[in-house]
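Comments concern the structure below.
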Amino acid sequence: MNMGLPPIDLKVFHDNGYTRQECRVTGLWFWTCDPDRDTCGDTEEDEYTFIGAPIISGYDMRGRELKDSMREAFIGFLEKRGHTRIQPYPVLARWRDDIHLTIASIADFQPHVTSGDVEPPANPLAISQPCIRLNDVDAVGRSGRHLTTFEMMAHHVFNKPDEGRMFYWMEECVKHCHDLLCGTFGIDPEEVTYVENPWSGGGNAGPAVEVIVGGLELATLVFMNLAESDDGEIEIKGVKYSEMPLQIIDTGYGLERFCWAAAGTPTIYEAIYPESVEWLKQMAGFSSERFDMNQTELDSLLGEMSRLFGIMNIEAGSDGDRMREVFLARLAERGHSIDVELFTAITEPLSRIYAIPDHMHALANMLGDGLVPSNAKAGYLARMIARRVLRMRDELGLNLSLADLVMHHLDVNYSAERMKQTQEGLVTILKGEEERYDEMLRKGNQVVKTAIKDIPQGVDELPDEILFTINDSHGIAPDLVMNIANDLGWKNLTLRTGFNAEMAERHAAMAKDAAKAVVAKPIVEHVPSVPATIPLYYEDVSQQNFEASVLACLELKGDDIPEGATHGIVLDRTCFYPEGGGQEGDHGSLTCDSASNVILDSRKVDDLVIHLSTGPFEVGDMVHGELDWGRRRQLMDHHTAVHIVGGAARRLLGPHIYQAGANKSVDSARLDITHHKRLSRQDLDEIESLANEVIQKVSRTEKMTLDRKDADRKYGFDLYQGGAPKGSDIRILRIADHDIQACGGTHHDEPGRIGQIRIVRSNAVQDGVERLHIVAGDAAMRYARNQEDILRDAADVFQVPVEELPTKASRMFSEWKDQRKKIESLEAEIVRLRTSGGGEDIAEVDGVRVVIMEVDGDLKTMTKMLKELTLDSSKPTLAVLGSREGGGKLMVATTENSIASEKFNAVDILRGISSHIRGGGGGRPTFAQGGGSNPDGLPDALDAAKQLIGA
RNA sequence: GGGCGCAUAGAUCAGUUGGAAGAUCGCUUGGUUUGCAACCAAGAGGCCGGGGGUUCAAAUCCCCCUGCGUCCA
């Protein structure tokens with residue numbers, strides 16, 4: 001067995017004088033042409049060499065202009081060498097269902113191209129793909145090099161050696177890279193090391209080369225030719241792999257890092273966002289004078305710090321205090337002796353000034369692609385970024401809104417032609433986010449106040465549970481809680497070292513618990529190996545019956561089987577549409593000479609349609625299939641209507657409207673759309689009107705099947721509203737220019753057949769996703785009739801015409817309220833009358849008025865009576881009331897703070913007498929109440945009370 | 001996708017182990033003042049989100065629904 005991978009020994013290395021060495025620090029093998037070098041370049045001993053001394057020359061510009069030239073140089077170089085330029089994909093990975101954001105250029109081609117099912121858009125190709133990665137979001141601004149959003153420049157090759165298609169492999173790939181670095185960019189070859197470091201992930205692996213330039217990893221070249229396999233002959237990190245037919249070159253060149261190496265600025269942020277950094281420094285009053293330095297001294301210090309950060313690994317959650325000590329000690333070794341205060345005073349504001357433009361860029365990328373902020377899924381990521389910006393803005397004391405920040409960013413750093421969202425839409429969304437953030441802070445203050453009000457002001461720590469709950473449930477981070485508590489007077493409070501790391505661990509543990517995915521049980525145990533079912537429903541959507549032969553008859557399994565269905569029938573062809581794309585499966589019947597069965601549902605398993613039948617057929621039977629056409633037509637009404645409503649919503653509300661889910665049943669349809677605020681009835685009316693206009697105006701829907709590559713190119717990724725489809729052929733439904741999407745459902749050829757569309761109501765599925773409830777065709781009429789029935793029934797109750805229902809109902813309601821109040825005051829009056837006189841119920845014991853009587857009424861009425869009796873402090877009273885209602889009720893009360901309450905304990909008296917009604921009870925010493933299950937014992941209970949008290 | 005929290009007067013929110021529905025602001029009326037602000041006094045204003053359950057007793061405990069918030073993946 002061949003353990004591991006062979007050395008990467010290429011002609012291009014030898015031709016350029018490179019030799020293979022083992023790194024003294026990491027133990028990795030690497031190639032270098034510097035005779036003195038014994039480290040691979042990416043170690044804690046290899047400092048950046050380009051700070052203040054650009055390693056790539058000829059790029060004096062900064063910011064957007066620098067990025068544009070660098071990108072152009074890269075792609076232009078590859079174009080000259082036979083690569084085709086591909087336009088970047090969106091940062092929202094809508095063609096995938098496993099990730100929200102595009103995290104690498106290769107993500108564009110996963111899973112269909114990398115699996116070999118679909119041809120790449122070009123081969124070999126060159127691209128610069130905007131990516132977003134939020135794993136290291138805490139390090140952004142602090143490390144000098146981390147970014148949440150960056151462009152991954154790449155050349156990709158998809159080889160199929162078995163089919164004789166081998167474009168190029170390692171040798172040519174590394175040569176392209178080396179020629180680019182040392183030729184086009186003029187980098188000194190001694191600064192470049194190639195580190196052998198096999199790559200593995202997601203079931204694939206292969207040899208890989210990390211390209212380190214001046215101590216910074218500028219690129220990675222991955223040669224993916226292995227797939228996980230139990231009897232594989234190559235082992236990497238304990239997993240066995242074998243070669244696969246598709247061999248892919250996946251490279252990644254960090255555009256921003258090239259820019260940094262060409263600019264030689266203290267941090268990467270000054271290279272790519274220089275105007276923003278300057279602007280924010282000004283706005284925040286950050287200048288060298290503030291630290292008693294001149295600009296040169298400050299720059300030199302920052303450069304030194306950046307070099308140090310480059311070799312010290314700052315991990316989120318590591319011990320900040322210790323890290324800082326080591327850092328400051330090493331900084332002092334380099335002639336920059338500063339104390340902790342100065343260090344903090346410089347790095348805290350600066351890290352925010354650096355992070356804000358990066359975060360704004362990520363926001364522009366995400367929202368620009370039409371993302372709507374939300375409390376779940378990808379939308380949450382955008383909200384989190386927006387909140388981080390707002391938080392940093394507040395900490396910097398900037399008098400700027402999120403909208404101000406984004407406008408500045410678009411103006412200075414962004415190429416607006418990339419944006420699908422309008423600038424106006426962007427500003428509206430961000431204004432909404434800022435309002436929400438302000439509201440969260442306001443509420444948070446209140447929450448903290450309530451949570452800590454019983455905690456003594458002298459303590460120095462808050463219970464962990466309080467901090468966890470406030471963070472998780474109210475969005476107030478622990479250190480913000482400290483600030484708020486401090487303002488409220490708890491001056492000694494501090495946050496325990498490592499608390500934030502503990503909280504992160506806790507969240508990680510929770511996420512682990514939640515990871516147990518529920519997999520739906522298959523409805524058949526074994527999928528038979530018979531030819532794929534031919535779908536007649538695509539050729540003619542109005543075909544209602546057909547002849548077919550039975551290929552398999554299966555036993556049905558699982559919980560998800562309709563009542564009465566016993567067998568799954570597989571035919572060679574069918575008009576039964578199987579459940580899919582939110583459209584429910586068809587019903588109907590199958591008949592042959594010897595049997596006739598009802599079909600209760602149709603499902604798709606792999607490429608077979610399974611007819612859920614009430615009985616079996618023999619394999620080989622010729623059957624006649626008959627569709628429940630009323631049901632199917634209604635489903636088509638609803639499915640087609642959903643497309644039309646979605647298109648109408650997009651046209652009226654904006655380009656961020658995207659389908660987040662849909663369901664089409666017989667009674668109604670649901671369409672979930674992404675939108676940043678709740679829809680009003682007026683919004684719904686407008687969408688409804690436009691949808692009905694479309695039905696009238698568009699005479700035919702257009703259906704076509706395209707190769708995925710052509711579909712992507714022609715219509716873009718908005719096609720995949722219904723989710724990421726599988727396979728290489730994409731069925732497309734087009735309703736004029738109104739709506740175009742990939743969809744495998746059945747639709748009317750003529751939209752007019754729907755008749756009418758009504759949007760019944762909307763509700764929020766989650767923040768940022770609005771669910772529209774739609775009825776169309778006959779269902780719309782049934783719905784309208786049903787509504788009218790409800791109205792008529794309600795009107796009959798009030799005995800008024802339907803038109804007068806609202807007036808009548810509101811008058812009845814206010815009368816009911818008035819009368820309720822009147823009854824209350826009358827009850828009080830009765831109590832006053834009953835308790836004011838002398839009578840046999842009233843006695844006096846030791847100067848305390850004692851009232852013992854049986855009354856009518858429930859606990860609430862009795863409570864009022866007791867109030868009347870005992871609230872007057874000039875007449876100290878002990879009252880015992882009993883009622884026969886609900887099994888018998890007893891109440892005992894004394895006048896508070898009087899001789900009555902001193903002499904008598906209401907709870908004791910109640911307990912002493914409640915046995916007579918077989919019950920219990922309790923309360924306070926001055927007010928007790930109880931009940932039982934023996935109303936007839938009430939007189940005895942009251943007599944017992946008299947004896948007990950001595951009245 | 002998973003977790004947590006909230007819903008009480010027109011507004012903002014308290015409400016302890018289940019046992020008498022509250023505060024502040026606003027509102028109305030009266031007083032004070034040339035007038036306003038301020039102040040004093042009195043008063044009105046509650047299906048405690050909806051539905052079910054447990055209990056002698058639920059704003060409070062349990063379940064479901066609706067609306068809202070928030071954290072994590």
Discussion item. Between Gln659(A) and Leu671(A), is there a side-chain heavy-atom distance shorter than 4.5 Å?
Written reply: yes
Worksheet item: When you check the gap from the basic side-chain N to the acidic O, do Lys822(A) and Asp818(A) get nearer than 4.0 Å?
Response: no
Practice prompt. Kindly indicate whether the side chain of Ile852(A), heavy atoms from C-beta on, has any atom under 4.5 Å from the side chain of Ile949(A).
Written response: yes
Worksheet item: So what does Gly931(A) hit on the nucleic acid, given a heavy-atom distance under 4.0 Å: a base, only sugar-phosphate, or nothing?
Response: base
Fill in: Heavy-atom side-chain proximity of Ser668(A) to Val760(A) below 4.5 angstrom
no
Worksheet entry | Sub-4.5 Å side-chain heavy-atom contact between Asp394(A) and Tyr437(A) | yes
Discussion item. Using the P atom as the point on both nucleotides, what is the distance between rC4(B) and rG46(B), in whole Å?
Written reply: 36 Å
Fill in: Base paired to rU70(B) (Watson-Crick or G-U; both N/O distances under 3.5 angstrom)
rG3(B)
Worksheet item: If pairing requires Watson-Crick or G-U wobble contacts with both distances under 3.5 Å, which nucleotide is the partner of rG49(B)?
Response: rC65(B)
Discussion item. Looking at rG30(B), which nucleotide sits across from it as a Watson-Crick or G-U wobble partner, both distances under 3.5 angstrom, or is there none?
Written reply: rC40(B)
Worksheet item: Of the nucleotides rA20(B), rC56(B), rC71(B), which one has an atom closest to the side chain of Arg387(A)?
Response: rC71(B)
Worksheet item: On a whole-Å scale, what distance lies between the P atoms belonging to rA42(B) and rU24(B)?
Response: 12 Å
Response to the item:
Out of rG46(B), rA20(B), rG1(B), minimum distance to the side chain of Gln929(A) belongs to rA20(B)
Discussion item. Without decimals, in angstroms, what is the distance between Met862(A) CE and rA57(B) C1'?
Written reply: 12 Å
Fill in: OP1 or OP2 of rC71(B) under 4.0 Å from side-chain N/O of Arg506(A)
no
Discussion item. Among rG1(B), rG46(B), rA14(B), which nucleotide has an atom closest to any side-chain atom of Lys377(A)?
Written reply: rG1(B)
Worksheet entry | Residue whose closest nucleotide on RNA chain B lies nearer the 5' end, Glu439(A) versus Phe813(A) | Glu439(A)
Discussion item. Could you tell me how far apart Gln446(A) (CD) and rU12(B) (C1') are, to the nearest whole angstrom?
Written reply: 7 Å
Practice prompt. Tell me whether the OP1 or OP2 atom of rG3(B) has a side-chain N or O from Ser473(A) closer than 4.0 Å.
Written response: no
Worksheet item: For atom P, what is the distance between rU16(B) and rU60(B), given to the nearest Å?
Response: 11 Å
Worksheet item: The side chain of Trp816(A) lies closest to which of these nucleotides: rG67(B), rU70(B), rC47(B)?
Response: rC47(B)
Practice prompt. Look at the side chain of Ala764(A) and decide which nucleotide, out of rA20(B), rC68(B), rA73(B), has an atom nearest to it.
Written response: rC68(B)
Response to the item:
Per atom distances to the Lys453(A) side chain, the nearest of rA14(B), rG19(B), rC71(B) is rA14(B)
Item to complete: To the nearest Å, give me how far apart NZ (Lys677(A)) and P (rG67(B)) are.
Response: 18 Å
Worksheet item: Considering only the P atoms, how many Å lie between rA14(B) and rC6(B), rounded to the nearest integer?
Response: 10 Å
Discussion item. What is the distance, to the nearest angstrom, from the NZ atom on Lys449(A) to the P atom on rU12(B)?
Written reply: 15 Å
Worksheet entry | Atom-pair distance (NE2 on His474(A); C1' on rC71(B)), nearest Å | 11 Å
Discussion item. On RNA chain B, compare the nucleotides closest to Lys889(A) and His100(A); which residue's is nearer the 5' end?
Written reply: Lys889(A)
Item to complete: To the nearest Å, give me how far apart CG (Asp767(A)) and P (rC71(B)) are.
Response: 11 Å
Worksheet entry | pair Pro939(A)-Arg884(A): side-chain heavy atoms closer than 4.5 Å | yes
Item to complete: May I ask you to evaluate whether Lys443(A) reaches the phosphate of rG5(B), defined as a side-chain N or O under 4.0 Å from OP1 or OP2?
Response: no
Discussion item. With rounding to the closest Å, how many angstrom separate the C1' atoms on rG69(B) and rG30(B)?
Written reply: 44 Å
Worksheet item: Within this structure, what is the CG-to-C1' distance between Asp472(A) and rG2(B), rounded to whole angstrom?
Response: 12 Å
Item to complete: Give a yes/no answer on whether the side chain of Arg436(A) brings an N or O atom under 4.0 Å of OP1 or OP2 in rU70(B).
Response: yes
Discussion item. I'd like the P distance from rG50(B) over to rA59(B), given in whole Å.
Written reply: 11 Å
Worksheet entry | Partner nucleotide of rA20(B) by Watson-Crick or wobble geometry (both distances under 3.5 Å) | none
Practice prompt. Quote, to the nearest angstrom, the P distance that separates rG22(B) from rG15(B).
Written response: 15 Å
Worksheet item: Checking all strands, does Asp454(A) fall into the base, sugar-phosphate, or nothing category for heavy-atom contacts under 4.0 angstrom?
Response: nothing
Worksheet, complete the sentence: Met812(A) atom CE is separated from rC47(B) atom P, nearest whole Å, by 18 Å
Practice prompt. Indicate, with a heavy-atom threshold strictly under 4.0 Å, whether Gly921(A) touches base, sugar-phosphate, or nothing.
Written response: base
Worksheet item: What's the closest nucleotide to the Thr450(A) side chain, out of rC47(B), rG15(B), rA73(B)?
Response: rG15(B)
Response to the item:
Against the side chain of Arg678(A), the closest entry in rC13(B), rC68(B), rA20(B) is rC68(B)
Worksheet item: Is Glu395(A) close to Arg352(A) at the side-chain level, that is, under 4.5 Å between some pair of heavy atoms?
Response: yes
Discussion item. Any side-chain N or O of Asn375(A) below 4.0 angstrom from OP1/OP2 of rC71(B)?
Written reply: no
Fill in: Interatomic distance at P, rU54(B) relative to rC63(B), whole Å
15 Å
Fill in: Distance test, side-chain N/O of Arg383(A) to OP1/OP2 of rC71(B), below 4.0 Å
no
Practice prompt. Give a yes/no verdict on a cation-pi contact between Arg506(A) and Phe468(A), requiring under 6.0 Å between NZ or CZ and the six-membered ring centre and an angle within 45° of the axis.
Written response: yes
